[in-house]
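Scroll down for the structure; my scribbles are underneath it.
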Amino acid sequence: MRTVTLSSTLLSLALAGAAHAQSSADAAPRTPPDPTTLDRLRVHGQRPSTVATPAQARERLRQRAGATAWIDGESYREGRVGTLADALGYAPGVFVQPRFGAEEARLSIRGSGLQRTFHGRGLELLQDGSPLNLADGGFDFQAVEPLSARYIEVYRGANALEYGAATLGGAIDFVSPTGYDAAPLRVRAEAGAFGYRRGQIAVAGASGRADGYASLSGTSQDGFRDHAEQENYRLFANAGYRFSEALDGRVYLTHVDTRSALPGNLTLDESRRDPRLAAPGNLALNQRRDYRLDRIAGRLAWSPSATGTLTLSAYYADKSLHHPIFQVLRQDSRDYGLDLRWRGEYQALGLRHTLIAGAAFAQGDVDDRRWFNLAGQPGAPSNRFDQRARNAKVYVENQSWLSPQWVLSLGAQALRSQRRSRDLLIVGGRDESFDKDYSGVSPKLGVRYLAGDGLQLYANLSRSLEPPSFGELSGGPGVTPVDKQRADSGEIGLRLERGGLSLDVAAYRARIRGELLALNDANGNPLGTVNAGRTLHQGLELGLGWNFGKDWTVSASYLYNDFRFDGDRSYGDNDLAGVPPQQLRAKLRWSRDPRFYLEPNLEWTPQGYYIDHANSFKAPGYTVAGLRVGGRIASQWSWFADARNLADRKWIASTNAIADARGLDGRNFLPGDGRGLYFGVEWSAR
């Protein structure tokens, strides 16, 4: 693999430091803090009022008439942070499963983008409220660095209307540290099994009206499986300036350079015999995904009063992808967008109200070139497309306090999208050009009841609308462009924070028309995407955190998923393929003082699930146990040892979702990592 100049510096870091922190997701309450373990807030000058503190962000999430979650960026630093599952695994309602110990994963909320195990869809990823998705709706997992997030906000389903999103799954916002709330210097190193190495150095500071933060990180690994090497480097930086008491601005810079070999899928029999194998076709074609991203974003916030803020955001992203798979793909894309958003409180008709209103525009242009794959090198050209995606949306939501206990929420999003593709290399006399326009309105009605003593009840009804990405529109030969996906959803739930107990429970039901299903044949070859007739997604999301006794904390996230066809002509009421009906992640923590903690953990999928819509072949369930220990040394040092899959189980982390396996064991399975031990240290200046 190519060596990047920065790698020797980043991956040889042997120092680290981090303030001891407990999990702060809504589902996992804090252990009563020791004063010596609190992160210190450094204010050199006056912190801008438009930069939300963690406490303000948590309160904003609690005010949603629906399911949300808040994750403290410190909570997951107490173990290996190699994948999004390490950061989001305990967030209530989030299903995240790495493909092969890599950053690409199946990331889904309520069955969004269910068919995808790569290049996500069905969610809106944000950085400080600004979209990370491409204009066509797809997103890259490598565009996120959990180590450079101060906290993460999760808006499930229609609750993402807070940021104008109206997808089935909702939105996840990675909020960056600033010079006001980050340590002046922080250094981290991780190392462990399968050649895994990861390092980060972050600096921050503030002076007068200006502040800044920068994080430089690097990761490499050989991987548990053959042909699974990775090498990733990321720079995330932001700088802010307060022009006056009412006006401040911030600029965000991102550079990502990642190189990943793809080991591919195995049969279930191969996975049981030797899960380290790579698929023969992936080896023969040297399949991989190499990706570079440069992104700049800016935000200007004006607060004419203490109760309202008008925010103007803009971004530009330049991406280059080299992706040898069954063909060699090279895509150069440029995406840019604008968002104007108002959030404020006002009084009317004797009632208190909170109004969110905004308008957003995004455009992306893609030069998509394709060649026949000759052992990983481009052969003869096979196709070329000039593609453009545009989205324009307006959104509004108003919350009204009808009484001290009852809050009513009314909102809607109006969306108009365009997907245009020009076939520049006609193959076989067939022109694959298309122009598709999509539009619609997605309303929402929600209610909250504040029962007192830390208890909230809520319910909502909503509609979502999701145009296809280019991956769905040009997914295979002979496939006509598909229509939008629409869903009508209902949700009820509760939030409870009382003493040492935190509970997050949500039940939902979504009736979907035209669900976008990306189908493969039994050998994993793409057939394209179709709109299903009617499908049903319903389930239960549970997050639990409980401090009991003096030294014990238990945290858990449980999902019950019931996703199925609804009277389909081909599949009847069959289960939708690709996701287990149940999943539990749980951990028990013992810590008498900050110098040491002991934390056994468990991931449990109690039953198998179908890998095909015909329901002819299943992936098995699994139980994987781990153990984490660590603690603080003096005030600036911390360490951890993180043991994964202690019993060295052979288990299936994820699968394809195909039309019909015909009861045969094809290459549709992605084995999970074997037993591994990881160590890390951090050092943080005070």
Side-chain angles (χ1 to χ4, degrees), residues 1-18 73-74 76-87 98-105 127 132 140-150 174 176-177 182-183 185-204 212-224 228-238 252-262 288-295 319-322 638-640 642 673 676-685:
M1 301 193 68
R2 189 185 74 171
T3 300
V4 177
T5 305
L6 222 42
S7 63
S8 60
T9 302
L10 288 169
L11 299 178
S12 64
L13 293 174
L15 300 174
E74 300 296 320
Y76 49 78
R77 298 182 75 102
E78 294 183 332
R80 191 200 75 173
V81 188
T83 71
L84 278 181
D86 295 327
R99 298 175 69 193
F100 35 81
E103 290 174 317
E104 290 213 357
Q127 181 188 19
L132 291 173
D140 295 288
F141 297 94
Q142 295 88 348
V144 174
E145 171 56 274
L147 287 176
S148 65
R150 175 61 189 89
F174 295 82
S176 304
L185 176 63
R186 195 172 204 179
V187 188
R188 178 183 179 94
E190 304 176 18
F194 321 124
Y196 174 84
R197 299 185 300 278
R198 185 178 183 88
Q200 181 199 26
I201 182 168
V203 295
Y213 169 84
S215 166
L216 190 61
S217 61
T219 307
S220 72
Q221 69 173 31
D222 299 327
F224 171 67
E229 302 84 7
Q230 291 186 72
E231 192 174 7
N232 306 326
Y233 303 94
R234 298 183 181 90
L235 170 67
F236 284 80
N238 68 80
Y252 301 86
L253 296 174
T254 299
H255 174 73
V256 177
D257 189 354
T258 80
R259 302 175 185 280
S260 304
L262 305 177
R288 53 186 307 110
R289 193 173 195 274
D290 300 335
Y291 160 72
R292 176 197 54 77
L293 172 69
D294 291 292
R295 182 178 183 272
K319 170 189 165 183
S320 178
L321 174 69
H322 174 66
S638 64
W639 66 277
F640 69 82
D642 192 350
D673 283 1
L677 180 61
Y678 304 88
F679 298 93
V681 289
E682 277 193 18
W683 179 84
S684 179

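Along the sequence shown, residues carry numbers from 1.
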Sequence-distant partners of Ala204, side-chain contact (heavy atoms from CB on, under 4.5 Å), two or more places apart
Ala182, Tyr213
Could I get the full list of ring-ring contact (aromatic ring centres under 6.0 Å, His included) partners for Tyr678, not counting sequence neighbours?
Tyr196
Taking side-chain contact (heavy atoms from CB on, under 4.5 Å) as the definition, give me every residue that meets it alongside Leu677, ordered by chain and number, with sequence neighbours left out.
Ala643, Phe679
Where is the tightest heavy-atom contact between Asn238 and Pro177, given as atom of each residue plus distance?
ND2-O, 2.9 Å
State which residues pass side chain to side chain donor-acceptor pair (under 3.5 Å) with Asp673; sequence neighbours excluded, sorted by chain then number.
none
For Asp294, which residues count as a side-chain contact (heavy atoms from CB on, under 4.5 Å) partner, sequence neighbours excluded?
His255, Arg292
Donor-acceptor pair between Ser217 and Arg234 side chains, under 3.5 angstrom
no
Listed by chain and number, what are the side chain to side chain donor-acceptor pair (under 3.5 Å) partners of Thr258, not counting sequence neighbours?
none
Are the side chains of Gln221 and Glu231 in contact, using a 4.5 Å heavy-atom criterion?
no
For Phe224, enumerate each residue passing the ring-ring contact (aromatic ring centres under 6.0 Å, His included) test, keeping only those at least two apart in sequence or located in another chain.
Phe194
Side chain to side chain donor-acceptor pair (under 3.5 Å) involving Ser215 - partner list, sequence neighbours excluded
Gln200
Applying salt bridge (charged side-chain N to carboxylate O under 4.0 Å, His left out), can you list everything that pairs with Arg295, at least two apart in sequence or on another chain?
none
